[in-house]
Amino acid sequence: MSSQAISLYKKRRSQYALGKNLPISQNDTTHLIKQAVREAPSAFNAQSSRAVILFGAENQKFWGRAKDELRKIVPADAFAGTEKKIDSFAAGAGTVLFFIDTDVVKGLQEQFALYADNFPIWAEQSNGMAQFAVWTALADADIGASLQHYNPLVDETVREAWGVPASWTLRAQMPFGSNEAAFGEKAYVEDEARFKVFG
Ligand SMILES: Cc1cc2nc3c(=O)[nH]c(=O)nc-3n(C[C@H](O)[C@H](O)[C@H](O)COP(=O)(O)O)c2cc1C
């Protein structure tokens, strides 16, 4: 049986060779990302995921600032490798910064005390679903992307540069752009080790 969904999931891969030539307009890319976040499920339909979408010079600014923060902590003799990696993200067309709005989580904890411990976990899971939704939607549009985690190192500089509310906690960064290299083979764990089917 062929499945449109599975074909798309297979098409979503980590792309590190990014370029600036998006196959669709910046507006359409923005619309796609917004829709993906909007349609991703969340516990209690809390919709606690937030996104900042950076294009062009703003994207350069983000990765420049990330580099500045990394320079403070990475040993000088190892920095060339770090710099190369950061430059590969800056070479793309943009980056999506994914956040959780902790005010929403707190509100739910107050409203539904019985599930208080679960809401932060569900917010993380929901954010992961939003990330997957965006990544897959970008892949569908032939836009390459990868998933990065320079938080909490860049949290403060992000807050300062883009006026992000204090309640928004940065959880992931998704640099995206044109696919400038083919994807490598992907290894899979044997089904026997992963699944049990009964009935
Ligand atoms: C929760 C999560 C965290 C990840 N963190 C990183 C990361 O910090 N840096 C990175 O380059 N890739 C990261 N990845 C990407 C994985 O390494 C990648 O998805 C995996 O190796 C499978 O490759 P594929 O994306 O091409 O299918 C992350 C993926 C997930 C789901």
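When a ligand or atom number is given, it counts from 1 through the structure's own listing order.
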Next item on the list: Go through the steps for Thr169 and Phe99 under the test side-chain contact (heavy atoms from CB on, under 4.5 Å), then give the verdict.
Entry: CA-CA 5 Å; Thr169 303; Phe99 301 80; 5.9 Å; no
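Of the possible polar contacts, none joining the Gln15 side chain to the Phe183 backbone as a donor-acceptor pair under 3.5 Å is found.
Qualifying side-chain hydrogen bond (donor to acceptor under 3.5 Å, both in side chains) partners for Lys72, counting only residues two or more places apart in sequence or in other chains: Glu69.
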Ignoring hydrogens and angles, write down the donor-acceptor pairs under 3.5 Å from the side chains of residues 106-122, residues two or more places apart or on other chains.
residue : atom : partner : partner atom : Å
Gln109  : NE2  : Ala116  : O            : 2.8

For residues 188-197, tabulate all N or O donor-acceptor pairs below 3.5 Å that involve a side-chain atom, not counting sequence neighbours.
none

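Classification of Asp87 and Lys84 as a salt-bridged pair fails, no side-chain N sitting under 4.0 Å from a carboxylate O.
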Are there any protein N or O atoms under 3.5 Å from the N or O atoms of ligand 1? List them with distances, or say none.
residue  : atom   : partner : partner atom : Å
ligand 1 : 5 (N)  : His149  : ND1          : 3.1
ligand 1 : 8 (O)  : His149  : ND1          : 3.0
ligand 1 : 9 (N)  : Leu147  : O            : 3.0
ligand 1 : 9 (N)  : Gln148  : OE1          : 3.3
ligand 1 : 11 (O) : Tyr16   : OH           : 2.7
ligand 1 : 11 (O) : Gln148  : NE2          : 3.0
ligand 1 : 12 (N) : Tyr16   : OH           : 3.4
ligand 1 : 12 (N) : Leu147  : O            : 3.1
ligand 1 : 25 (O) : Arg12   : NH1          : 2.9
ligand 1 : 25 (O) : Ser14   : N            : 3.2
ligand 1 : 25 (O) : Ser14   : OG           : 2.7
ligand 1 : 26 (O) : Arg13   : NE           : 2.7
ligand 1 : 26 (O) : Arg13   : NH2          : 3.4
ligand 1 : 26 (O) : Ser14   : N            : 2.8
ligand 1 : 27 (O) : Arg12   : NH2          : 2.8
ligand 1 : 27 (O) : Arg13   : NE           : 3.4
ligand 1 : 27 (O) : Lys186  : NZ           : 2.6

